[in-house]
Amino acid sequence: MTQSPISTRDPAGPAGPAAGTPAAGTVGVQTPTRTASGRPRHLYEVDVLRILTFACVLGVHTTSHTMASDDVGLAGLLALLHFTRLVFFTLTAFVLVYSYAIRPKPMSVFWPKRFLLVGVPYLAWSFVYVASAWLLDSGQRGDVPALVTTFATGVVTGTAKYHLYFLLVTMQVYLLLPAIMWLVRKTRGHHVSVLVVSLVVQLGVFACYKYFPSTDAWLHGTQKQFFFSYVFFIVSGAIAADHADRFLGFVRTHRRGIGWAFLGGVLLTLGVFVLQMATGDSPYAAGTPLQPVEAVWSTIVFVGFLAVGAAWADRRVAGSPLARVVDYASDRSFGIFLSHPLVIWLLLYGSSPLEALVPKPWLTLVTYLLVVVLSVAITEAFRWTPLSVPLTGRPSLASRKVRA
């Protein structure tokens, strides 16, 4: 699995450090964000957070396609796994602000680079998914205007495939970077208040989505395609980046407390899931991601996964087999994210032999393992072709420079 289009592996450049982060050039003291020589260090803890979350994304989509409608156990698992989109938007804002603080650029330079690595894959995979469905639909096959219309609609609305809205929202966050940086700078000294207000707003938005659906009927089911559905996660990620040293220090020194909070989050999320089923929700509806409890649970998961990543980063041995595996997984993760729904679709299409051979609930586990293996293989193949950027969001490994 790969690094997302934003990387924390930025070289030292013109200093623009976040608050709480030592200025570039501070020598002799190693911090969570700087080496002893004062250079920015690669945040290996973020690699682990990214890998764990992408692995759970595959779990969400595999489970939702293979579970029986009355399987309460797997529905409960989905309720726990539905943190993924919210953690990713926190991570996106965190790495975006952290990277920009280290090496600020004019928007005229920043935007083209970011939109190349996200916008081009968004367009390419939107076409892949729309064209695949078009070719297999006997009612539309050959109707080119229908293909063009469906593709254009999918691009504008983020509906070409169920996971591509994530890229659409990510690009909205890129566009909002000047406003995000302005907010972070102007409210320094009041960041706790900003976090509290944004959390209250987030809980209100999710409460409307879940319990008062008439309030968002004007969105016609497109709530997940807009940045304002994730305001707390974007703001909290940006503020965490502005205090990166203290924040990463916190996850290192409070691991036991974070572990207990994680357990409490599991119990809270499952408790809400059971309560909502008892009051009439279907198993799937009880675990929907856009509801208040997921705002709390997703925040706990973000900190918990980052604590796991920090433990790994502190013990990492460069060049070791495990370090190479983690580096490889981080580098491939974005390509796997882009391609895995295609694998799920092909495995389960029509009268699927897989579904005929493997009974439920074992179908979920077997499908998940196959999706991981095949998505890795597809991504690896694409990484060595000129299509690597549009299909994996990363430069082609065929280039000697990239390999080096």
Side-chain angles (χ1 to χ4, degrees), residues 1-2 4 50-71 73-85 87-88 121-137 150-151 154-155 157-170 224-225 283-284 287-289 329 332-383 387 390-393:
M1 306 177 186
T2 149
S4 65
R50 182 181 295 116
I51 292 167
L52 291 174
T53 309
F54 270 121
C56 292
V57 169
L58 270 63
V60 168
H61 295 153
T62 300
T63 301
S64 61
H65 281 84
T66 57
M67 63 179 281
S69 59
D70 59 350
D71 192 324
L74 285 180
L77 176 63
L78 270 181
L80 291 175
L81 291 178
H82 269 149
F83 65 81
T84 52
R85 72 180 67 180
V87 167
F88 266 130
Y122 176 69
L123 293 173
W125 279 101
S126 291
F127 183 77
V128 168
Y129 286 113
V130 168
S132 299
W134 179 77
L135 287 171
L136 292 173
D137 185 345
T150 305
F151 172 68
V155 167
T157 62
T159 56
K161 199 63 176 178
Y162 50 75
H163 68 315
L164 291 177
Y165 74 91
F166 169 70
L167 276 67
L168 185 62
V169 177
T170 297
K224 67 181 182 180
Q225 282 98 317
Y284 189 84
T288 182
R332 285 2 181 231
S333 60
F334 187 53
I336 292 169
F337 170 78
L338 292 168
S339 63
H340 80 273
L342 180 64
V343 176
I344 294 174
W345 182 42
L346 293 175
L347 287 173
L348 302 177
Y349 181 75
S351 301
S352 167
L354 183 63
E355 290 186 275
L357 289 172
V358 183
K360 297 178 179 180
W362 296 107
L363 177 64
T364 298
L365 176 60
V366 172
T367 304
Y368 180 83
L369 295 175
L370 288 173
V371 168
V372 171
V373 171
L374 294 175
S375 297
V376 170
I378 290 172
T379 300
E380 183 63 23
F382 287 154
R383 289 286 274 116
L387 295 175
L391 296 180
T392 73

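Please read these numbers as outputs of a predicted model, since none were measured by experiment. Heavy-atom basis, side chains included; hydrogens, waters and symmetry copies ignored.
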Under the ring-ring contact (aromatic ring centres under 6.0 Å, His included) rule, collect the residues that match up with [X], sequence neighbours excluded.
| X | answer |
| --- | --- |
| H65 | Y162 |
| F88 | F54, F166 |
| F127 | F151 |
| Y349 | W345 |

Name all residues meeting the side-chain contact (heavy atoms from CB on, under 4.5 Å) criterion together with [X]; count only those two or more places apart in sequence or in a different chain, and write none if there are none.
| X | result |
| --- | --- |
| L80 | V266, T269, L270, W297 |
| L370 | L347, L354, V366 |
| A68 | D70, D71, K360 |

(request) Sequence neighbours left out, what passes salt bridge (Lys or Arg N to Asp or Glu O under 4.0 Å) with E380? Give chain and number order. (result) R332
(request) Any pair with a residue in residues 126-135 that passes side-chain hydrogen bond (donor to acceptor under 3.5 Å, both in side chains), sequence neighbours left out, goes on the list, sorted by first then second residue, please. (result) none
Report the residues that fulfil side-chain hydrogen bond (donor to acceptor under 3.5 Å, both in side chains) with [X], sequence neighbours left out, ordered by chain and then residue number.
| X | result |
| --- | --- |
| T364 | T66 |
| T150 | none |
| H163 | none |

